[in-house]
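Down below is the structure, laid out as structure tokens.
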Amino acid sequence: MPTPRAAAIHDLSGFGRCSLTVVIPILSAMGVQCCPLPTAFLSTHTGGFQGFTFLDMTEELPRAARHWESLGLHFQAIYSGFLGSERQIDLVADFIRTFRREDTLVVVDPVMGDDGRAYQTYTPAMCAGMARLAALADVITPNLTEAAFLLGQEYVPLPAGEEDAALRKMVQALSLDGKRSVALTGASLAPGKTGAMCFDARTGDIHPVQTDFIVHPLHGTGDVFASVLTGAMLQGKNLADAAQQAVDFIRACAVRTVEQQLPLREGVDFEPLLGLLIPR
Ligand code: PXL
């Protein structure tokens, strides 16, 4: 199989393990050529650090895209995440329209917030724009907070004992009448378990994936999840199998992160475990 190529449109945060510092190594380990298009450069991510620097790369995005277009580049995946400005929503949408081919998988991780709150740099207008961008995706990977934002609903805890039904209803609603696939993360179907509820637009099937929940708050798991999912789908896995690989990998990383007693803001200690992702 030729090496698949992915355009990765995320920020580059120098310290704290998220976005491109997670996306590039994971896709590379999974045998995917990753072509980064940084949306911003930050000294650290915005979760748990004060005084971080933020260089907005909005102007650079269309310039780089035009150069790639002039080179005739094709991508088997376009995978976007954290955006640096409201204007980037339209620029990423233009990028998708320009580069999408029959065989291109468009993954939009609608990064906006967690635990019911938007991230520091996300305005309500950006969140509304993210919903427009996500409408172009083949696959979206929201957490429960982002799902509530996309659906225009209030973020409320899942009803105890009825998690499965509530999550199925959410992925159905997020699929836009079955047009796009959804892997909804932070989906716990039983105490001590966590994972994702998947809606596969290719088959119409809804399929939960679960793993053991490691009780330790972890920053950046969404980026690890969406990156492994994208890599696995480019290897030909279906959505549910790709999501299962992603949650199993995060579980292994979480165990290691707890052993290392890493502070929450330093992210998932995944680097020594990248070998688990190398295709046999
Ligand atoms: O993990 C999502 C993410 C990506 N990029 C930046 C962030 C966050 C979450 O806080 O701050 C810069």
Side-chain angles (χ1 to χ4, degrees), residues 6-27 34 36-58 60-61 78-89 91-92 107-124 126-127 129-131 133-134 137 139-150 155 183-186 194 196 216-231 246-247 249-250 253-254 257 262-271:
I9 313 176
H10 303 252
D11 69 285
L12 178 62
S13 285
F15 185 75
R17 293 191 182 88
C18 71
S19 324
L20 286 175
T21 59
V22 167
V23 176
I24 298 171
I26 287 179
L27 289 181
C34 181
L37 204 54
T39 57
F41 169 71
L42 295 84
S43 51
T44 66
H45 61 68
T46 66
F49 296 97
Q50 295 302 322
F52 51 83
T53 68
F54 186 103
L55 177 67
D56 180 357
M57 306 278 272
T58 302
E60 209 58 17
L61 290 189
I78 299 170
Y79 164 31
S80 74
F82 180 100
L83 300 185
S85 70
E86 193 186 333
R87 204 151 75 73
Q88 286 185 6
I89 308 252
L91 295 173
V92 177
V107 180
V108 173
D109 185 6
V111 175
M112 290 184 274
D114 208 353
D115 296 322
R117 299 204 339 244
Y119 294 132
Q120 290 186 52
T121 56
Y122 268 72
T123 61
M126 276 177 82
C127 294
M130 197 57 109
L133 179 63
V139 183
I140 59 168
T141 56
N143 59 29
L144 292 172
T145 300
E146 291 152 353
F149 290 174
L150 290 175
Y155 172 79
L184 175 59
T185 63
T194 188
H216 184 77
L218 281 173
H219 190 273
T221 48
D223 298 331
V224 176
F225 177 87
S227 301
V228 176
L229 182 100
T230 302
V247 298
F249 182 67
I250 291 172
C253 295
T257 307
L262 272 200
L264 162 68
R265 66 186 195 177
E266 291 193 25
V268 183
D269 194 32
F270 70 96
E271 294 89 347

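Because the structure is a prediction, the values reported are computed rather than measured. As the structure lists them, so they are numbered: ligands from 1, and atoms in each ligand from 1.
- In this structure, Y155 has its ring center at least 6.0 angstrom away from the ring center of F149.
- For the pair G222 and ligand 1, no heavy-atom separation below 4.0 Å is found.
- Annotation: Y119 places no N or O atom under 3.5 Å from an N or O atom of ligand 1; distance criterion only.
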#### Entry: Stepwise side chain to side chain contact (heavy atoms under 4.5 Å, CB included) check, L262 with R17
CA-CA 12 Å; L262 272 200; R17 293 191 182 88; 3.5 Å; yes

Counting only pairs under 3.5 Å, give me each side-chain donor-acceptor contact of residues 216-226, with atom names and distances, residues two or more places apart or in other chains.
residue: H219; atom: ND1; partner: H45; partner atom: NE2; Å: 3.3
residue: D223; atom: OD2; partner: S19; partner atom: N; Å: 2.9

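- Residue-level proximity to ligand 1 for H10 is absent, since no heavy atom of it falls below 4.0 angstrom.
- A 4.5 Å side-chain heavy-atom check between V247 and T194 finds every atom pair outside the cut-off.
- Of the possible donor and acceptor atoms, one in the side chain of T39 sits under 3.5 Å from a partner among the backbone N and O of D11.
- Nearest to atom 8 (C) of ligand 1 among the protein's heavy atoms is F82 CD1, 4.0 Å.
- Looking at D114 against ligand 1, nothing comes within 4.0 Å, counting heavy atoms.
- Those atoms of ligand 1 that come under 4.0 Å of a heavy atom in T46, given as number and element, are 7 (C), 10 (O), 11 (O).
- The L42 neighbourhood of ligand 1 comprises atoms 12 (C), with distances under 4.0 Å to a heavy atom of that residue.
- Nearest to atom 1 (O) of ligand 1 among the protein's heavy atoms is D223 OD2, 2.8 Å.
- The protein heavy atom nearest to atom 10 (O) of ligand 1 is H219 NE2, 3.1 Å.
- Contacts with ligand 1 closer than 4.0 Å are made by side-chain heavy atoms of D11 only, the backbone lying farther away.
- Note: no N/O pair closer than 3.5 Å links H45 and ligand 1 by distance alone.
- Across G47, S19, S13, heavy-atom proximity to atom 4 (C) of ligand 1 is greatest for S19.
- Side-chain polar atoms of T46 and T121 form no donor-acceptor pair below 3.5 angstrom.
- Of the listed residues (L83, T141, L133), just one forms a side-chain contact (heavy atoms from CB on, under 4.5 Å) with P110, and that residue is T141.
- T257 places a side-chain N or O within 3.5 Å of a backbone atom of D269 that can act as its donor or acceptor partner.
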